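Keep in mind that what you see is a predicted model, and the values were worked out from it rather than measured. Chain A is the first sequence line, chain B the second, and so forth, proteins listed ahead of strands; every chain is numbered from 1. Worth knowing before you read on, the calculation uses all heavy atoms, side chains too, and leaves out hydrogens, waters and symmetry mates.
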Amino acid sequence: MSQIRVRFAPSPTGELHLGGARTAIYNWAFARNNDGVFMLRIEDTDPERSTPENTAQILRSMRWLGLDWDEGPEVEGAFGPYFQTQRDAHYTDALEKLKTTGAIYPCFCTADELASKRDEARKSGGYSGYDRTCRALSRDQAQTRIDAGEPHVWRLAVPLDQDEITISDLVHGEISFPLSALDDYIVARTDGTVTYNFAAAVDDTDMQITHVIRGDDHMSNTPKQVLTIKALGAPIPQYAHLPMIWGPDGKKLSKRHGATSVEAYQDEGIIPEALLNYLALLGWSLDGETTVIDADTLTNNFSLERISKNPAIFDAAKLEWLNGVYLRDMAPEEFAPHMVSALGEQGLADSADYERRTDWYHELAPLVNERIKLTTEIVPMVRFLFTDDIEIDEDARAKVLEKEGAIEAIRAARTILADCPWDVESIDAALKVLPEQLDAKPRFVFQPIRVAITGSTISPPLFESIKLLGREKTLQRLDALL
RNA sequence: GGCCCGUUCGUCUAGCGGUUUAGGACACCGCCCUCUCAAGGCGGAGGUCACGGGUUCGAAUCCCGUACGGGCUACCA
C-alpha cells in the first residue's frame, strides 16, 4: 500500500483557534501512527482576509504544540509550493484539462442575475442551486461569446446520468447525496481565480493526499470536491470529518466565550502538553478511561475509528485541571525554567540568577508547582522571594494582623529565628513549639507570621518559605511589624 | 425551503444485542489530612441512554418516524 499522506490546510484569515488546532493534532497523530506524511498547506486564496501575520502565528502555534510537519512552509518538500496563492500553474492546468473534456463549462450569467433568480426561487420555496441556463449553450455558442470578450465564470457540470454520489467517511460511514441537490458550482471566477472547492480538490489530487481529515463544516463540500477529482481522473482520497467544538452555551466557539486561539491559552498559563492532551481527548478516546495521555501514547494509538460523531463543548475547567496535572508532575529542573520565564517577564529574575543559584530554585519548584494550575499563578505565589517591595494585602492585615495575639506571635518568631540554625528542619522544630508556648491554635500563630513574611494569607509552606527567604530578610520583615 | 450530520450524568466520554443495578474523568457536595492555599485519601449526589414506534426471548446498542441542535446551500474558506 502506498504511503499515507495527510494535510492540515488552515486559511490564514485569523489565528489558529482550538478547532483548527485539534484538526491539526488529529492529522499529525494519524500520520505519525501510520508512518505517513503530515503536510501543512496554507489556503490563502482570500486576499482580503489572509495575512502573513496570521500565517506566522499559525506556524508558531503549531510548533509550540509540538506538531512538526514533514512538508509545508519553511520545511518545503517535493509537492510544493505549499501556499495556494503560489499554485496558479496547477489550477490552470487542471482547468485546461477539464475544459477539453467538457467537465466544466463557461457561464455568462451575471452575479446580479443569479442573485435575483436565487431570491425568487427561495420565495417560491424551492431553491436548489444554479438553474444551468448556460449549460445548455453549445460549445460553439459559448466559444463565440468568450472570443467576444464576454465576462464569464466556469462551472462544474454535475453528471446527470446518476442519482446520487456516495462518499465513505471514516467517522460517519457512508453518506449519500442526491445529485439533484448538487449545484453546478463555480470553479473559476470572472477574474480567472479559482474557488476554494476547486483549489482544494486540485491540491489534494496533486499532492497525492490519501486521507482528508477536516472539520464537519466541510462535509457538504465533499461531493463537489469528489466530483471534481473524478473529473480530473484521479483517485478519491478517504475522508474523515470531525465534529465541531462548541462554547459552553452550545454555540459556535467565539470571542465571547473568552480565549479561542492557541496563543491566548499560552498567555493564560496553559502549557502545550496539557492543551495537546485536552484537545486530543475532546472528540477522540483511547479507551474511555484514560484522561491523561502523552504525545507518544497518542501518536502510537491514534485511530480515526475512535473519533466521536457528535460535537463537543469546550470545558475550560477540565483543561485547567489537566494543566495542573502536568505542572505537578514536573521535576524541579523541568518546572524551574517556567518560573524563571514567568518571573523574567516581571523583571524579577533572569536566567543568570537561575544559573547562579540553581539549587535554591530547585528547592522552591516543588513548593510551587503542586499548588497551581496555571503558570500565571507562579509570580503571585513567589513574588515575596524576589523583591522587598511587598505590600501587605489589606484583607490579610485586617483578618490576621489585627487579631489578638498576632503581634506576640511575630515577636516570638523573631526571637526564635534570630539564632535558629538555618535549615527547614530546624526552623520547623523551633517554630512548632510556639502554639503551645503562646497557648494559641496553630493557625493563629502561623498566619500572622506568614502575612508578615509573604504579604498574603496564601503562600508556599511557611517554614520552607522562611528558609528560602533567608534569615536577614525574614527578620527585617518581622521587625517591620513590631 | 432543499440537502447532509448529530443526540449516553452539568461537561468530556466508555459502551458496538445478553458480562450493565449504564463504567471512568472534570466540575459539585461531605469527611479526613493540615501552618495558609493547594495536592492527596475516603465517601456522596448526579443519567427514565432526546422522544415515539417497531425487530428480537432480550436494545443505550439494529430499523423507521418525530423533535431539537448543527452544517452547507456565495464569483468566502
Side-chain angles (χ1 to χ4, degrees), chain A residues 9-11 13 43-46 48-50 84 107 109-111 114-115 118 121-129 151-155 169 171-172 175-178 180-183 185-191 193-197 199-200 215-224 241 243-244 246 248 250-252 278 281-292 308-315 317-322 324 328 368-373 377 381 396 400 428 431-432 434-435 441-447 449-451 454 456-463 465:
Chain A
S11 121
T13 54
E43 309 213 323
D44 55 348
T45 55
D46 182 347
E48 309 272 295
R49 299 188 296 149
S50 301
Q84 286 190 323
C107 169
C109 300
T110 67
L114 294 171
R118 195 159 45 228
R122 280 214 174 107
K123 227 171 281 171
S124 56
Y127 180 73
S128 60
H152 59 280
V153 300
W154 287 84
R155 291 179 180 274
D169 186 287
V171 173
H172 296 276
I175 309 168
S176 296
F177 298 81
S180 57
L182 236 48
D183 214 354
Y185 85 99
I186 294 175
V187 298
R189 305 183 184 101
T190 309
D191 65 3
T193 60
V194 295
T195 58
Y196 161 75
N197 279 303
D216 242 348
D217 48 342
H218 288 289
M219 201 135 65
S220 303
N221 289 323
T222 306
K224 294 178 188 173
H241 286 100
M244 304 276 90
W246 286 344
K251 300 261 169 59
K252 198 174 154 187
Y278 178 75
L281 257 21
L282 191 68
W284 177 81
S285 64
L286 179 64
D287 52 17
E289 306 282 301
T290 305
T291 50
V292 181
S308 74
K309 295 176 169 64
N310 44 306
I313 290 175
F314 175 74
D315 182 3
K318 192 159 185 176
L319 204 214
E320 288 185 14
W321 167 78
L322 246 187
R328 254 175 270 130
V368 179
N369 74 345
E370 79 170 48
R371 23 182 63 77
I372 60 170
K373 287 197 226 167
E377 296 172 68
M381 183 155 290
V400 178
D428 185 322
L431 292 179
K432 268 279 159 64
L434 278 179
K441 286 200 169 150
R443 56 172 310 168
F444 291 117
V445 174
F446 296 121
Q447 277 301 74
I449 302 173
R450 181 192 314 283
V451 171
T454 71
S456 163
T457 53
I458 299 170
S459 82
L462 224 211
F463 310 137
S465 294

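Pair check for B/C68 finds B/G6; Watson-Crick or G-U wobble, both atom distances under 3.5 Å. Across all strands shown, the partner of B/G43 is B/C29, judged by Watson-Crick or G-U wobble contacts whose two distances both fall under 3.5 Å.
In this model, a side-chain donor or acceptor of A/Thr190 finds a partner on the base of B/C75 within 3.5 Å. In the interface, the side chain of A/Lys318 is not paired with the base of B/A27 through any donor and acceptor atom under 3.5 Å apart. Scanning atom types as modelled, one donor and one acceptor separated by under 3.5 angstrom connect the side chain of A/Arg450 and the base of B/C35.
One interatomic measurement links the two molecules: CD1 of A/Ile458 to C1' of B/A38, which rounds to 9 Å at whole-angstrom precision. The distance between atom CE of A/Met244 and atom C1' of B/U7, rounded to the nearest whole Å, is 16 Å. The CG atom of A/Asp183 sits 15 Å away from the C1' atom of B/G1 (whole-angstrom rounding). Whole-Å rounding puts the A/Lys441 NZ to B/U34 P distance at 14 Å. One interatomic measurement links the two molecules: CG of A/Leu281 to P of B/A14, which rounds to 10 Å at whole-angstrom precision. Following rounding to the nearest Å, A/Lys224 (NZ) and B/U73 (P) show an atom-to-atom distance of 6 Å. The NZ-P distance, from A/Lys252 to B/G6, rounds to 20 Å in whole Å. The interatomic distance linking A/Ile449 (CD1) with B/U36 (P) rounds to 13 Å, in whole Å.
At the heavy-atom level, A/Leu282 lies under 4.0 Å from the strands shown only through sugar-phosphate atoms. Nucleic acid contact for A/Gly324: none, since no nucleic acid atom lies under 4.0 Å from a heavy atom of the residue. Nucleic acid contact for A/Glu43: sugar-phosphate only, since backbone atoms but no base atoms lie under 4.0 Å from a heavy atom of the residue. A/Asp287 comes within 4.0 angstrom of sugar-phosphate atoms only, judged by non-hydrogen atoms across all strands, and of no base. Nucleic acid contact for A/His218: base, since at least one base atom lies under 4.0 Å from a heavy atom of the residue. If you check every strand for non-hydrogen atoms under 4.0 Å, A/Ser176 touches sugar and phosphate atoms only.
Side-chain proximity of A/Ile186 to B/C75, B/C35, B/C5: nearest is B/C75. Nearest nucleotide to the side chain of A/Pro461, out of B/C4, B/C26, B/U36: B/U36. You'll find that the side chain of A/Lys309 is closest to B/G6, out of B/G6, B/C3, B/A38. Of all nucleotides listed (B/C3, B/U13, B/A77), B/A77 comes nearest to the side chain of A/Arg189. Checked against B/A27, B/C75, B/A39, the side chain of A/Leu114 finds its nearest nucleotide in B/C75. For A/Asn310, the side-chain atoms get nearest to B/G6 when compared with the rest of B/G6, B/G10, B/A25. Considering only the side chain of A/Lys251, B/G70 comes nearest among B/G10, B/U73, B/G70.
The side chain of A/Asn221 places no N or O atom within less than 4.0 Å of a non-bridging phosphate oxygen (OP1 or OP2) of B/C72. A close approach under 4.0 Å does not occur between any side-chain nitrogen or oxygen of A/Thr195 and OP1 or OP2 of B/C75. Side-chain N/O atoms of A/Thr45 include one lying less than 4.0 angstrom from OP1 or OP2 on B/A77. An OP1 or OP2 oxygen of B/C4 is reached within less than 4.0 angstrom by no side-chain nitrogen or oxygen of A/His172. The shortest distance between the side-chain N/O atoms of A/Ser220 and the OP1/OP2 oxygens of B/C3 is not below 4.0 Å. Distances shown here put every side-chain N or O of A/Arg371 at or beyond 4.0 Å from the OP1 or OP2 atom of B/U36. Contact annotation: A/Arg118 side-chain N/O to B/G2 OP1/OP2 distance is not under 4.0 Å.
Nucleotides B/G54 and B/U61 place their P atoms 15 Å apart, quoted to the nearest Å. Nucleotides B/U66 and B/C3 place their P atoms 12 Å apart, quoted to the nearest Å. Of the P atoms belonging to B/U13 and B/G52, the separation is 25 Å, rounded to the nearest Å. Distance noted for atom P between B/G46 and B/C29: 16 Å (whole Å). For the C1' atoms, the distance linking B/G70 with B/A50 amounts to 15 Å, nearest Å. Taking atom C1' in both B/U36 and B/U20, one finds a spacing of 45 Å when rounded to whole Å. With both ends at atom P, the span from B/C49 to B/C42 equals 31 Å, rounded to whole Å. Across the P atoms, B/U7 and B/C64 are found 15 Å apart, a figure rounded to whole Å.
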**Item:** Check against side-chain hydrogen bond (donor to acceptor under 3.5 Å, both in side chains), A/Thr193 and A/Arg189
**Value:** CA-CA 5 Å; A/Thr193 60; A/Arg189 305 183 184 101; 2.8 Å; yes
**Request:** Take A/Val171 and A/His241 through the test side-chain contact (heavy atoms from CB on, under 4.5 Å) and record every step on the way to the result.
**Result:** CA-CA 6 Å; A/Val171 173; A/His241 286 100; 5.6 Å; no
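Within the 4.5 Å cutoff, the side chain of A/Tyr196 has no heavy atoms near those of the A/Asp46 side chain.
Two residues, A/Asn197 and A/Phe463, neighbour RNA chain B, and the one matched to the more 5' nucleotide by heavy-atom proximity is A/Phe463. Nearest-nucleotide positions on RNA chain B place A/Val171 closer to the 5' end than the other of A/Pro243 and A/Val171.
The aromatic rings of A/Phe314 and A/Tyr278 stand perpendicular to each other, their planes meeting at an angle above 60°, with 30° marking the opposite boundary.
Side-chain N or O atoms of A/Asp287 include one that pairs as donor or acceptor with a backbone N or O of A/Thr290 at under 3.5 Å. Judged by distance alone, with hydrogens and angles left aside, the side-chain atoms of A/Ser465 form a donor-acceptor pair with the main-chain N or O of A/Pro460 at under 3.5 Å. A/Arg155 contributes no side-chain N or O that, together with a main-chain N or O of A/Tyr185, makes up a donor-acceptor pair within less than 3.5 Å.
Applying the side-chain contact (heavy atoms from CB on, under 4.5 Å) test between A/Met244 and each of A/Ile313, A/Asp216, A/Asn310 identifies A/Asp216 as the sole match.
For the residue pair A/Thr195 / A/Asn197, no side-chain donor-acceptor distance below 3.5 Å is found, with atom types taken as modelled.
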